Amino acid sequence: MVHFSLPTLVGKAFGKNKGWPQQWSKPEPKKNYDAIIIGGGGHGLSAAYYLAKEHGVSNVAVLEKGWLGGGNTGRNTTIIRSNYLCDESARLYDHALGLWEGLSQEINYNLMFSQRGVLMLAHTVHDVQVLKRHVHANRLNGVDNEWLSPDQAKAFCPPLNISPKARYPVLGAALQKRGGVARHDAVAWGYARAAAALGVDIIEQCEVTGIRRGADGRVAGVETTRGSIGAKKIAISAAAHSSILLAMAGIRAPIETFPLQALVSEPIEPAFPCVVLSNTVHAYISQSDKGELVIGSGTEQYLSYSQGGPLHSVEHTVAAICEMFPIFTRLRMLRNWGGAVDMTPDRSPIIAKTPVPGLYLNGGWGSGGFKATPGAGHLLAWTVAKDEPHAINAPFTLERFRSGRLIDEAAAAAVAH
Amino acid sequence: MLLIKCPYCQQERAEVEFSYAGEAHIERPSDPAALSDAEWEAYLFLRSNPRGTHFERWYHIHGCGRYFNAVRDTVTDNFVRTYPAGMPRPSVHDIDDAKT
């Protein structure tokens with residue numbers, strides 16, 4: 001692996017940028033692995049990286065049915081924040097945010113991580129009360145979040161319309177300054193490169209079609225479109241297809257899959273300095289380094305794996321953007337797309353052991369998994385390596401839907417799902 | 001936008017007239033207090049979430065205001081058929097017939 005640095009960049013530039021090696025190899029699957037991770041998105045690749053780096057388990061394969069980061073990793077709106085209401089969630093998402101902060105240096109890959117601030121708007125008295133409660137809860141949990149008046153919000157985000165005549169006037173906003181965005185493809189590629197350098201096999205175009213178990217009930221391996229592969233431990237990190245993979249091991253899951261759409265505008269000059277989320281008018285928006293406005297919609301109402309959705313949802317979102325930011329009303333939209341998100345009843349993820357020995361699950365992240373990428377992988381790796389959860393993910397079990405110890409972020413996550 | 005045929009109104013109407021209401025044919029237990037935690041979990045939270053044929057409920061909220069059931073493919077989003085609430089789950093044969 002070539003270490004990226006100023007001297008290597010300058011050196012290669014003088015060589016007309018020829019001779020850059022492949023960033024990771026494409027090995028044939030081996031007969032057996034110590035651990036297999038199903039799903040080559042950001043979460044699965046980061047789990048492989050931390051398994052090799054922190055737990056010395058490098059005889060690991062990441063199996064991806066399509067291409068790396070081709071699922072929700074490459075389809076989200078790249079927002080990173082940790083201002084969740086519940087104590088368990090605040091710890092979980094802030095753990096991830098802490099890892100983001102040193103990640104580009106750690107894996108020697110420019111993730112374009114930018115802590116430009118995440119502003120959440122309040123448009124009603126109820127919004128004000130809820131978001132202020134968030135601010136206080138977050139601060140008690142050591143998570144930065146502050147309350148801004150409409151004028152302060154306007155100063156932080158100049159394109160924002162704070163006119164009291166607006167249909168949903170801005171009454172205030174909660175600002176998490178440590179929040180921001182990162183380049184999502186780079187997250188998958190950076191983790192893939194770092195994991196491969198530690199000996200992890202990254203195998204694309206390899207769909208898991210079955211999970212094999214021994215006479216003792218433990219997992220023994222997987223059947224795939226590229227043959228049978230043995231493994232002592234298997235971790236599912238497959239977002240929309242979590243429940244389908246769990247069913248291969250005879251487990252029914254409290255997960256349903258819904259479409260979620262996003263879109264980008266034509267690129268414009270830097271005009272939008274932060275990330276803005278609004279629950280009431282329902283839209284979220286930031287500007288990418290390419291200049292496109294990146295806009296997220298809400299999940300569709302019906303279950304689907306189609307990775308697409310109807311135009312009326314996009315229209316609704318764009319109407320909200322025009323209401324909040326009149327300067328964008330004449331902007332053209334460049335493209336829109338959909339992902340398929342795995343929703344749990346309490347809108348919190350599951351990072352846990354399953355009832356099948358040797359089988360682990362990282363799923364149910366719904367519409368909010370990207371922000372947690374380093375944390376999810378870090379905690380999944382811990383859980384797989386030690387066969388027990390880390391203190392941070394211990395509450396995020398599969399059994400909580402039986403015991404009733406839900407971590408209800410359905411309303412508390414400050415976005416409608 | 002999905003086009004959905006309401007089995008009561010007998011009209012194919014746009015999705016915005018309808019509200020999705022989750023998986024169909026999940027029976028409310030007659031005596032909830034008698035259920036074990038596992039049975040209660042299964043009733044409340046465990047769903048089939050198939051990639052393919054799905055039985056689901058829809059509510060014609062901006063029409064006749066009644067609930068009905070539908071068979072839909074969750075990959076193509078095509079409706080195979082809709083039918084009134086209370087009717088039994090269509091068999092595989094019924095579904096194949098409706099597709100052809």
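Nothing here was measured: the structure is a model prediction, and the numbers come from that model.
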Item to complete: Give me the ring orientation class for B/Y20 and A/F258: parallel if the planes are under 30° apart, tilted from 30 to 60°, perpendicular past 60°.
Response: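 B/Y20 vs A/F258 ring planes: perpendicular.
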
Which bit of A/L398 is near chain B, if near means a heavy-atom gap under 4.5 Å: side chain, backbone, both or neither?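 For A/L398, the backbone is the part near chain B, not the side chain.
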
How far does [atom1] of [X] sit from [atom2] of [Y], to the nearest 0.5 angstrom?
X	Y	atom1	atom2	answer
B/F45	A/D346	CZ	CG	7.5 Å
A/S313	B/E15	OG	CD	6.5 Å
B/M1	A/E315	CE	CD	7.5 Å

- Task: Indicate the atoms forming the closest heavy-atom contact of B/N49 with A/A240, along with that distance.
- Result: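 Taking every non-hydrogen atom into account, ND2-O, 4.4 Å.
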
Minimum heavy-atom separation for A/Q301 to B/W58, with atom names?
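That closest heavy-atom pairing would be NE2-CZ3, 3.6 Å.
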
Please determine, among [options], the option with the most heavy-atom pairs under 4.5 Å with chain B.
options	result
A/A340, A/A253, A/S403	A/A253
A/G404, A/P345, A/G308	A/P345
A/R402, A/H241, A/R252	A/R402

If you count heavy atoms of other groups shown closer than 6.0 angstrom to [atom1] of [X], is the number above 12?
X	atom1	result
B/R66	CZ	no
A/W67	CH2	no
A/R405	CZ	no

Under 3.5 Å donor-acceptor, A/S306 side chain and B/V75 backbone: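 No; judged by distance alone, with no hydrogens or angles, the pair does not exist.
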
Practice prompt. Please name the residue in the list B/R51, B/R72, B/R47, B/E23 that meets the side-chain contact (heavy atoms from CB on, under 4.5 Å) test with A/L303.
Written response: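 Option passing the side-chain contact (heavy atoms from CB on, under 4.5 Å) with A/L303: B/R72.
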
Q: Under 4.5 Å heavy-atom distance to chain A, tell me which part of B/T76 shows up: side chain, backbone, both or neither.
A: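 Nothing of B/T76, per the 4.5 Å heavy-atom cut-off to chain A.
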
Exercise for review: Identify which part of B/D37 has an atom lying under 4.5 Å from any heavy atom of chain A, answering side chain, backbone, both or neither.
Suggested key: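 Contact with chain A involves both backbone and side-chain atoms of B/D37.
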
ask   = Taking atom types as modelled, is there a side-chain donor on B/D77 or A/Y305 under 3.5 Å from an acceptor on the other?
value =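 There is no such pair (donor and acceptor under 3.5 Å, judged by atom type) between the side chains of B/D77 and A/Y305.
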
